[in-house]
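Take a look at the structure below.
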2 protein chains.
Amino acid sequence: MRIEKLAEATGVAIDWKPFLLGPIFGEQGWSDSPFNIYPAKGKYMWRDLERICNALSIPFVRPSRFPRNGVLAARVACWFASEPWVNEFSKAVFHANFAEDREISDPDVVLACLRGLGLQGSRLLKQAQSAESKAKLRAQTEHARSLGIFGAPSFLVGKEMFWGNDRLEQALAWAKSHDIAAK
Amino acid sequence: MRIEKLAEATGVAIDWKPFLLGPIFGEQGWSDSPFNIYPAKGKYMWRDLERICNALSIPFVRPSRFPRNGVLAARVACWFASEPWVNEFSKAVFHANFAEDREISDPDVVLACLRGLGLQGSRLLKQAQSAESKAKLRAQTEHARSLGIFGAPSFLVGKEMFWGNDRLEQALAWAKSHDIAAK
């Protein structure tokens, strides 16, 4: 929700690389979100997120189900990562899940996110579910893991990794001072 | 290392409540630091810490052993929490561990931290190891756990919890805007 304006103001280019958290968590022995596995920490994280959204006037409603399966949405974002609408699409999916408490594993919800941007949703969804698209997301997830990524969002600036919304400013500052684009 | 100046500038009073992380981690099923249990995350956390210290000009050397047993130092900080020197003592212990790579479980190192502040180290160490002192730290750790604390540093501002160095500013801002002292 914050990155576009800040990146533009800093003059840093963003290269989106969607990946799946599930397999990366799985490798750490987690079959669920750490928010659920560690309840004391999870309770805090939800409150922290709520405070942050309040401060930034970003609509937020704690989802009644968490985590939801975001594979289809991730396939769309991954397959169409270089399309000009991909960031708006990603924001629409996050808004559906975290502001409207909608079931983003439902193809109709993903379709609505695409159509809301004036896109031909059915055609795009079909392409995003091709064997090539599935393979691309798998490969990108494996690449993320090989880079040492363990959570999202992660910002790669050259070889420097920054993790989390609260490291966005540092990532952009690093990119600017080292004259490299973020990934 | 940062809290005193910021708290003073914000006009917020700090009430130190030292506790042990070990029993709190133990309750989450961890017998070691999560930095060690989750190596990908651990590797990142050390680099993150290094970058933060560099940016703030705080001396930092990754300890050759981690975590070290800080029970004795915690007992001193807990028993003497209301003494005017307790913050300087805590900083000296953190500096010994994280800048000089010294073995803070060694009573001589804790003694040196006390003596460096011009204090009668041996007498204070003896008091900090009394049955009452041990019980106070145990009770305070249990109290921390009952408040939902799962890591350190944690800042309690009324009933609002903020976790981590990177939430210090928010904690102080919350205290100021709600007119309450931090704990």
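Every chain is numbered from 1 and lettered A, B, ... according to where its sequence line falls, protein lines coming before strand lines.
Under the 30°/60° scheme for interplanar angles, the aromatic rings of F150(A) and Y44(B) are found to be tilted.
Within a 6.0 Å radius of CD in E8(A), no more than 12 heavy atoms belonging to other residues, nucleotides or ligands are found. Residue K176(B) places its NZ atom among 12 or fewer non-hydrogen atoms of other residues, nucleotides or ligands, all under 6.0 Å distant.
Using a 4.5 Å cut-off between side-chain heavy atoms of Ile, Leu, Val, Met, Phe, Trp and Tyr, with links allowed through other members, V61(B) and V109(B) fall into different hydrophobic clusters. Grouping the Ile, Leu, Val, Met, Phe, Trp and Tyr side chains by contacts below 4.5 angstrom, directly or via other members, places F89(B) apart from M1(B). Connection of V110(B) to W16(B) is not established within any shared hydrophobic cluster, with ILVMFWY side chains joined at heavy-atom distances below 4.5 Å, either directly or through further cluster members. No single ILVMFWY cluster, assembled from side-chain heavy atoms under 4.5 Å apart, contains both L137(B) and W85(B). Cluster annotation: F98(A) and V93(A) are assigned to distinct hydrophobic clusters (Ile/Leu/Val/Met/Phe/Trp/Tyr, side-chain heavy-atom contacts under 4.5 Å, transitive).
Contacts between R145(B) and chain A at a heavy-atom distance below 4.5 Å are absent for every atom of the residue. Looking at I52(A), the atoms closer than 4.5 Å to chain B (heavy atoms on both sides) all sit in the side chain, from C-beta outward.
Listed by first and then second residue, the ring-ring contact (aromatic ring centres under 6.0 Å, His included) pairs that reach into residues 101-144 of chain A come to none, sequence neighbours excluded.
Taking chain A as the reference chain and counting heavy-atom pairs below 4.5 Å, the highest number among Q170(B), E160(B), K43(B) is found for E160(B).
Within the 4.5 Å cutoff, the side chain of M161(B) has no heavy atoms near those of the D48(A) side chain.
For residues 22-42 of chain B, heavy-atom neighbours of chain A at less than 4.5 Å comprise Q28(B), W30(B), Y38(B), A40(B), K41(B), sorted by residue number.
A cation-pi arrangement is found for R51(A) relative to F162(B), the charged atom lying closer than 6.0 Å to the ring centre and inside a 45° cone about the ring normal.
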